[in-house]
Amino acid sequence: MEIWPGTPYPLGATYDGSGVNFALFSEVAEDVELCLIDDDGVETRVEMPEVDGFVWHGFIPGVQPGQRYGYRVHGPYEPEQGHRCDPSKLLLDPYAKAIEGQVSNDRALFSYDFKDPSRRNAEDSLGKTMLSVVINPYFDWGHDRPPNHEYHDTVIYEAHVKGLTMTHPEVPEEIRGTYAAIAHPAIIDHLTTLGVTAIELMPVHQYVQDTSLQAKGLTNYWGYNTIGFLAPHNGYARGQRGEQVPEFKAMVKALHDSNIEVILDVVYNHTAEGNEFGPTICFRGIDNAAYYRLVDDAKEHYYDTTGTGNSLLMRHPHVLQLIMDSLRYWVTEMHVDGFRFDLAATLARQFHEVDKLSAFFDLIQQDPVISQVKLIAEPWDVGDGGYQVGNFPPLWTEWNGKYRDTVRDFWRGEPRTLGEFASRFTGSSDLYEHSGRKPIASINFVTAHDGFTLRDLVSYNEKHNEANGEDGRDGESHNRSWNCGVEGPSDDPEVQALRLRQQRNFLTTLLLSQGVPMIAHGDEIGRTQQGNNNVYCQDNELSWVNWQLEDSQKELFAFTAALTTLRREHAVFRRRRFFAGSAQHGGQSEMGDIAWFQPSGEPMSESHWSVGEATVSVFLNGRAIPTPDNRGRRVVDDDFLVLFNADHEERSFRLPGQEWGEHWLVEVDTGVSVVDPGWHEPGSELSAKPRSVILLRSPRETPTAPSGVATTNRT
């Protein structure tokens, strides 16, 4: 076969219309063979003719998109020195833009002998492993443009490609569970009606079905087991041989047409190859010591801060290059709008400690493409010092785990949470302001894919993960949940009503808080996982969104959509800056933009924050928003008063005096089905049902009479 020298850049397989340039990095390789696989599975091996800067490369004229290929890397197999080259294993291209197939649970994938791990297993993995595919990079984007929603205007919806779409009756059965299903008008209409501005997709990089799960008859449903950082997962595509790429692009284009951004949940902290007992699929056989963190004095073992068996070596320049090339590819070629980084503390571990100024963050900071998209950190890992909420650099936002925990504790009636609840509701300035960041640094969430759904959060005290086959050892055991008196499903109308009220309380708190709200898919319609808080391996009805909705679920959706509308229409709930000064000590801030009150109507004092009360109200001054809009105009909003009653009894609130507002109209009351449309005067008393939120509005221009006010809860 004719092969030309080609070029060492770009890495991967690059089609130019006349042929394909192949380039692979390996510092340890002694020889590299490019393996072309035909439709019958027959392999043609071509020795890579050139190597420059440890990049092996060559150009083959005539090769077309759809060509399947892999590599065989010849070099040392010395695990005790950190080297695991094994030419009997057909390896994926780390830069593959499409991948075909899945791995089988076959011993040919493993470089060691199961009976004697010190001996090498030379079985050929061809036919048992995945194949890289050459793609056609050309796609008609038309007039596609990024929505570019500012963070303070953003409402994020965390979703799973398959889980969101598998049972939707309006989505054609043949496309359910695919990128095309996400792009279907029925799904997009649901998102736009809900008020979502960004969909955050759980992993769509090509991932591997773990051999250990396959042995149990289970699957890796969530997808946090990446093997291809530039390839869309083939399991979410209708076609194969590279068709997942145009299908993914078409999904992004459709979402952008509806003004919805696409954020990817990305897993750059580890790969699917696991520890020393894992399969050899890609990186391990190419250059193990360059790609992975190894134990310094025992290089046959992997240094693991992810709980998955391995961690990428974040101080190696080619690992950093791979991640940055991947990020730029998804932005420039796939048009995505941002990333949520799984276990991001691992990316900060340049050596052993977590260092927010590590090389990875330096590269992000100076990159003209990646620094301009949305960057969201999951600010923890399982290593020492791995909980880093509040400590990421200024460009970054963070999943605020402290927000989740505090709000859950408040609504289940935990004592001594009031002061921290106030901090979380107002944007967590204690976590972010010291580093010059703003409320938008906090991605607020109550639930996410990992843990209980919102409905299960108010229906179960304990996890029920029996279906996972791990004897209850998996999943979080301390969920800060409360079952409202009965574990699991209940026919008691009072229990059902309380659970619905609690769901409304959580959603109201989330969508009225300063920061960026994130809703987990299905929470707006009361999705349940029957108490399983770790459905990572459940690719079935347990984890899929059930679209057969009862009336109460439809009402919850309407309630949530009304809250997002309220948030969008009123800037006071999405401020760009923190409230001025501390509102906790004297009850109000120095600028008068916020004030906290006891149920008696008296301002909060320092002592009242620590008495274990579960009731408080907060005044939000719509006339004291310091940041102008994008046209330089002063932002003036209505004033709002939020009454929080997390107590198990009905509580009476006295509204503050006339200086805080002349007339108050109830906008939301989670404790009733019909809102009183009348005006409430300063100093009057208002009764809040047990465990409920009441939101009152004082319009800038008060009408002479409450005519035209809706007689039902706008939710």
Side-chain angles (χ1 to χ4, degrees), residues 148-155 195 197 422 425-429 433 437-442 444 508-517 562-583 586-597 601 603 617-644 655-668 675 677-683 693-710 714-715:
N148 282 333
H149 295 298
E150 294 193 55
Y151 265 120
H152 71 281
D153 293 328
T154 297
V155 176
T197 69
F425 181 75
T426 54
S428 297
S429 61
E433 193 170 24
R437 291 198 277 174
K438 299 176 181 178
I440 58 171
S442 178
N444 298 329
T508 302
T509 304
L510 176 66
L511 288 164
L512 299 187
S513 294
Q514 303 300 322
V516 182
L563 285 172
T564 62
T565 299
L566 189 71
R567 181 183 182 88
R568 183 171 61 251
E569 292 177 348
H570 293 284
V572 74
F573 300 120
R574 43 185 178 82
R575 291 167 53 102
R576 299 186 187 189
R577 298 181 185 173
F578 288 110
F579 293 101
S582 172
Q588 60 180 295
S589 72
E590 298 145 8
M591 295 293 294
D593 51 8
I594 186 172
W596 294 87
F597 297 95
S617 63
V618 58
F619 168 81
L620 305 175
N621 189 344
R623 297 166 177 80
I625 300 175
T627 312
D629 66 13
N630 288 334
R631 297 182 182 178
R633 298 172 299 189
R634 184 187 173 208
V635 178
V636 178
D637 199 358
D638 298 337
D639 298 333
F640 286 87
L641 188 66
V642 193
L643 315 180
F644 293 101
L655 302 186
Q658 190 168 358
E659 66 271 26
W660 302 101
E662 295 184 359
H663 303 280
W664 294 99
L665 178 67
V666 176
E667 286 283 322
V668 175
V675 171
W679 295 104
H680 298 270
E681 303 302 321
V693 185
I694 299 177
L695 175 68
L696 301 103
R697 177 170 61 92
S698 179
R700 291 193 303 273
E701 298 179 2
T702 305
T704 56
S707 58
V709 175
R714 69 181 288 160
T715 58

Checklist entry - Do side-chain atoms of N444 reach the backbone of L510 as a donor and acceptor pair under 3.5 angstrom? => result no
Checklist entry - Any side-chain heavy-atom pair from L566 and L695 closer than 4.5 angstrom? => result yes
Checklist entry - Closest approach of P626 and A624, non-hydrogen atoms and distance? => result CD-O, 3.5 Å
Item to check | All side-chain hydrogen bond (donor to acceptor under 3.5 Å, both in side chains) counterparts of E681, not counting sequence neighbours | outcome: H663
Checklist entry - Can you list the residues that meet the side-chain hydrogen bond (donor to acceptor under 3.5 Å, both in side chains) rule with E150, with sequence neighbours excluded? => result N630
Next on the checklist: Whether the side chain of S698 engages the backbone of G661 through a donor-acceptor N/O pair (distance < 3.5 Å, no angle test) should be reported.
Outcome noted: no
Checklist entry - Which heavy atom of T197 sits nearest a heavy atom of H149, and at what distance? => result O-CD2, 3.4 Å
Checklist entry - Please walk me through it: do V666 and H680 pass side chain to side chain contact (heavy atoms under 4.5 Å, CB included)? => result CA-CA 8 Å; V666 176; H680 298 270; 3.7 Å; yes
Item to check | Heavy-atom check, side chain of R697 versus side chain of H570, under 4.5 Å | outcome: yes
Checklist entry - Which residues pass the side-chain contact (heavy atoms from CB on, under 4.5 Å) test with P656, sequence neighbours left out? => result F597, L641, W660
Item to check | D153: partners by side-chain hydrogen bond (donor to acceptor under 3.5 Å, both in side chains), with sequence neighbours left out | outcome: R574
Checklist entry - Got a second to check how far T154's OG1 is from R568's CZ, nearest 0.5 Å? => result 12.5 Å
Checklist entry - Just one of V693, I694, L696, L563 clears the side-chain contact (heavy atoms from CB on, under 4.5 Å) bar with V668, so which one? => result L563
Next on the checklist: Within the 4.5 Å heavy-atom criterion, are N621 and D637 side-chain neighbours or not?
Outcome noted: no
Item to check | Non-hydrogen atoms of G195 and V155 that approach each other most closely | outcome: O-CB, 3.8 Å
Item to check | Set of residues satisfying side-chain hydrogen bond (donor to acceptor under 3.5 Å, both in side chains) with respect to S513, sequence neighbours excluded | outcome: Y403
Item to check | Full working for side chain to side chain contact (heavy atoms under 4.5 Å, CB included) between I594 and V618 | outcome: CA-CA 7 Å; I594 186 172; V618 58; 3.6 Å; yes
Checklist entry - How would you list, by chain and number, every residue that makes a ring-ring contact (aromatic ring centres under 6.0 Å, His included) with F578, sequence neighbours excluded? => result none
Next on the checklist: Taking V572's backbone N and O only, do any of them form a donor-acceptor pair with Q514's side chain (distance below 3.5 Å, no angle check)?
Outcome noted: yes
Checklist outcome for this item: In short, L643 meets S617 closest at the heavy-atom pair CD2-CB, 3.4 Å
Checklist entry - With side chains defined as the heavy atoms from C-beta onward, is the minimum distance between L511 and F573 less than 4.5 Å? => result no
Checklist entry - Less than 4.5 Å apart, any side-chain heavy atom of P439 and any of E433? => result no
Checklist entry - Where is the tightest heavy-atom contact between S442 and G427, given as atom of each residue plus distance? => result CB-O, 4.1 Å
Checklist entry - Is the ring centre of F619 less than 6.0 Å from the ring centre of F640? => result no
Item to check | Closest approach of I625 to R575 (non-hydrogen atoms, all atoms of both residues) | outcome: CA-NH1, 4.0 Å
Checklist entry - Any donor-acceptor pair under 3.5 Å linking the side chain of R623 with the backbone of D593? => result no
